[in-house]
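The structure appears right after this line, and notes come after that.
In what follows, every chain begins at residue 1, and chains take the letters A, B, ... in the order their sequences are listed.
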Amino acid sequence: MTRKTTTLTFFPTDITYHIKDGKAVITLFGRTTDGTQICILDDTFEPYFTVVGGTEEELLALKQDSAHVTRVEKTTRNLNETPTDCFHVFVDLPKSVPLIKDLAREKEYDCYEFDILFTRRYLIDRNLTPLVETIAEAERIPSKNKVETYLAKKITQHRTNTLTKPRALALDIETYNPDNKLNSKQNPILMVGLYGDDFTRVITWKDWPKRSDYVEVCASEADMLKRTVELIEQYAPDMLVGYFTDGFDFPYLSERAKHHKLELPLGLDNSPLEILGRSEKEAKICGIPHIDLFKFVRRVIARSLKTDSYSLDAVSKELLGAQKLPVDMNALFKLWDEPTSELDVFAQYNLQDCKLTYDLFHKLLPTLLAFVRLIHLPPFDINRMAYSMLVEWYLIVLASRQGEIIPRKPGYNTESSRIKDRIQGAFVYEPKPGLYSGIAVFDYRSLYPSIIASHNISRGTVNCSCCTDGPTIETDRGTFRYCQKRKGLFARTISNLILVRADIKKQLKKNKDPFLAAQSEALKVLANSFYGYMGFAPARFYCIECAESTTAWARHYIHQAIDTAKSRGFQVLYSDTDSVFLLLEKKTKEDALKLMEEINEKLPGLMELDYEGYYPSGIFVSVKAGEGGAKKKYALLSETGDLKIKGFETVRRNTSYIAKDCQERVLEIVLKERDTEKAKQYVRSIIDGLRKNTIPLDKLIIRTQLTKDTDKYASVGPHVAVAQRMKARGDSAGAGTIVKYIVVKGKGKIRDKVKLPDEATQDEYDGEYYITNQVIPAVERIFAVLGISEEDLAGTAGQSSLSSW
DNA sequence: ATTATCCGGGG
DNA sequence: GTGTACGGATAAT
C-alpha cells in the first residue's frame, strides 16, 4: 500500500491538467537536475472563481447537469483596491466554471476570475514559476507516459536556479511547391530537418546522387512522418523550436498525417500534436513547449530590431550575422520529380534553416527566460503574448498574490466605448528652423513610469474617499486626486520594477551576464508599457483617468523645466514629451548642469531630469521647404563627432542610397565644418557625377515594397512595372516582395524607363531623374535653412525651373 | 485627418 | 480550453 516518497529537484517546462476519477489533476513536465525527464502530478488543486454577492446557501445550490458547486469559502479580497467580502466558489471540474458562472450571473451576483485558466491559477496560487528549480516530495506511480511519473505530496520553490540550458531541438520542413502553391492537402512534405546539440538530420523519402551524410531516406512520406516522431522522442528535447512553425510547419505536418490516417503522438503523454485556434494558429505538444520564434520576434523583439521584415533570413542576418542558403525555390519541385545531385542543395538549405533557428533560439533565450521569471507563466504562453498581455499578466499575478480580485475583460460594448476615449498627448515646443551652436539636451528619465510611481497613480487610488485634500491634476477629463494614504497597485508595481532594475543594473556593472542584461531590458520595457496599457481598450485594468493624469503631469513637468530654464536666461530651442533642448549662447555647460540640479530639487519621488548631452552644433529643418514648424526633423553633432539624425528619410521607401548618402554628407559638412559653400559644391559634384554617369550603379537602386499582387494595382507605377518585368522573366513578385529597380534614360513615363539592377548598365541610368527626384528633394530643406535656393544649389540661378537643365 | 482592410511568415 | 489576436501600413471615405 505505502510507496516510497522521494525528493525530486527539477525544472518544470510545461504544465497541463487531465481528468482522473472525476477530478482535475495538474500535470507538470520537466527535467531533473540530473537530466531525467519526468512528470509530476498534483491532485490537490480545486477549480474556483470569485463571487461578490449572494449567500453561501444560494451559491452551493447552483447546478447544471453534472456541473456543480463542491464548496464555498467566505473570504475578504480587494475589489478595485478596496477590501470587500466575497466568496470563492469551488466547482467539480474546470469546465464547470463557465457554466456555474452563468447561473450565478443570472441571479445578478458579481462574478470574477472565471476566465483565469486552471493551470495559470495553479501557478499563481501555489507561487510557482516555470523553468525555476522546484523541489517535489513525491512517489513514483505507474503510468503510460513516455517519462517517469510521480504523484506529488508537496511542491516548493526557492527561486534560485533557472533552466538556462534547456535541451533544444529545431525543426523545419520543405514541401512540394509547384507554381508557388502552398497546399497541405495536395502537396507532400519532402524533407524534415532537425538540428540540436550534436545532432543534425534531414529526413526525406527519395534518394539522389551524392547526398549529404546527414540525410536519411525513408520509403514514403508516411514513413518519414513516423520517423520524425521517433527521432524527436529519442532526442527528448525540453523545447521544440521553429520559425513560423505555429502557422506553417506543424499545421502542415498535422494535415499530412491526417492525409495518411496517421497520428503524430509527440506528446509526453502520447497525445497527438494539436493545432489550436482559428485565424492565428498555435501548435501544441503536451509536455514539450513549442517555441515559435517568429511570434516572439514579431511581438516582443521587433521594436529593438532595425529590420522591417521578420523573415528568418532578415532576422538571422541582423541578430546572428548569418543567412539562409540562397536557392531558387521554384527549382525544388522540378528536382524532386527528377532527382539529381542538385537536390542535395535543398537538404543543405533545410538544415541551414534549422541551424539558424537553433542559434536564434539561444540568442533570444535570455529574453524569453527573463519574461518567464517575471511573469510566472509557462514559456509556451510567454512566447505568444503581445506586450499588452505581458503587462496584463504581470499585473494579474502580482495583484492576485496581493489579494486583489482580477477585473473582468471588457465586453464588446465597453470596449467600443473605450475606443472613443481620447487622451490629450504630450507637449511639443516646435523649434524655429535654423542652424544653431551650443545645444544642451536634458530629458526626464523614464518619465511616464516615474510619474505613475511618484504620484501614486492607480485605478484604486484615483479620487479616493479617504483623503479629500492633497495635490490634484487638471485634465480635459476633469480634476483628479490620488490617495495619500494607501499605495496603489500600479504605483507599487511600477516602483518595484524600477527598483529591481536599478539593482540588476548594479550587478550588471560587475558581471556582463546576458541573462541579467535581458532581465534589465525586460523590466524596462514592462515599465514603459504601463502607460499605454492603462489606456488600452481591451485591458482588464483599464484606467483612462490614470492615463490622462499621466500625460497631464508630464506636460506639467516639461513646462516646469522650460519655465525654470527661461527664468535663468536660457533660450529654449525645442522640446518634445520628455526632453528639452537649450541654446547655451553665452552660458556654459556648468550653468546648464546647475540648472538641472535646481529643477531636480523640486521633483517628487523617483522623478529625475537627466543630462543627455552637449552638442556643439545642430540644425533644425522644416518639414515643408521654406515654412516653419519643424517637428522632429533635426540633426545634432556630438562632442565626439558623431551625427545624430532624427526624422530625415531613410533608405526604405522609394529612396536611393545616393540620396541618403548625399543628405548625410551635407549634414556632416554643415555641422562639422560649418562650410555652406563646401556643402553646395559637394551637391554640385554629385549632380555632375549623375550627369556624367560616374556614380556607381548600386547607389541608384530604388526599393519599394509591393502592397498587393501586380494585377490588383489600378495604376501601374514604376514598382509595379518592375514586378511585371520580374514575373516575365520567371522570378516571383507578389504582395510583400521588395522590388529593386533603376530608372534609365528613355522616353515616356517613369514606368517605361525602369530596369532591374542586373539588367541596367552604368551608362544608361537617367541622371536627371535622380537629380530632380532623389538628390534635390533630400537636401533642399537643409539648404533652405541656410538661405540657399534650389536654383542656386544646382548652379542654375536665373533659369526658370529645374526641368530646364 | 480618420477609418477600414490587408497582411505578415512559411515553400 | 475556466481563452485569444495584433500591430503596422496602406487604401478608402
Closest approach to the side chain of [X], judged atom by atom: which nucleotide of [options] is it?
| X | options | value |
| --- | --- | --- |
| A/S388 | C/dG1, C/dC6, B/dG9 | C/dC6 |
| A/E282 | C/dG3, B/dG11, C/dT4 | C/dT4 |
| A/R120 | B/dG9, C/dG3, B/dG11 | C/dG3 |
| A/Y243 | B/dG11, C/dC6, B/dG10 | B/dG10 |
| A/A386 | B/dG9, C/dA5, C/dC6 | C/dC6 |

When we call it a touch if two heavy atoms are under 4.0 Å apart, what does [X] touch: a base, just sugar-phosphate, or nothing?
| X | answer |
| --- | --- |
| A/Y122 | nothing |
| A/R303 | nothing |
| A/F49 | nothing |
| A/R384 | nothing |
| A/D102 | nothing |
| A/P94 | base |

Checklist entry - Quick check, are the ring centers of A/W205 and A/W336 under 6.0 angstrom apart? => result yes
Checklist outcome for this item: The reported gap from OH in A/Y349 to CE in A/M191 (rounded to nearest 0.5 angstrom) is 11.0 Å
Next on the checklist: Below the 4.0 Å mark, does B/dG11 have OP1 or OP2 next to a side-chain nitrogen or oxygen of A/Y349?
Outcome noted: yes
Checklist entry - Which residue lies toward the 5' end of DNA chain C, A/P538 or A/I116, if each is placed at its nearest nucleotide? => result A/I116
Checklist entry - Where do A/R299 and A/E280 come nearest, in terms of heavy atoms and distance? => result NH2-OE2, 3.0 Å
Item to check | Close side-chain approach of A/F296 to A/D292, heavy-atom, < 4.5 Å | outcome: no
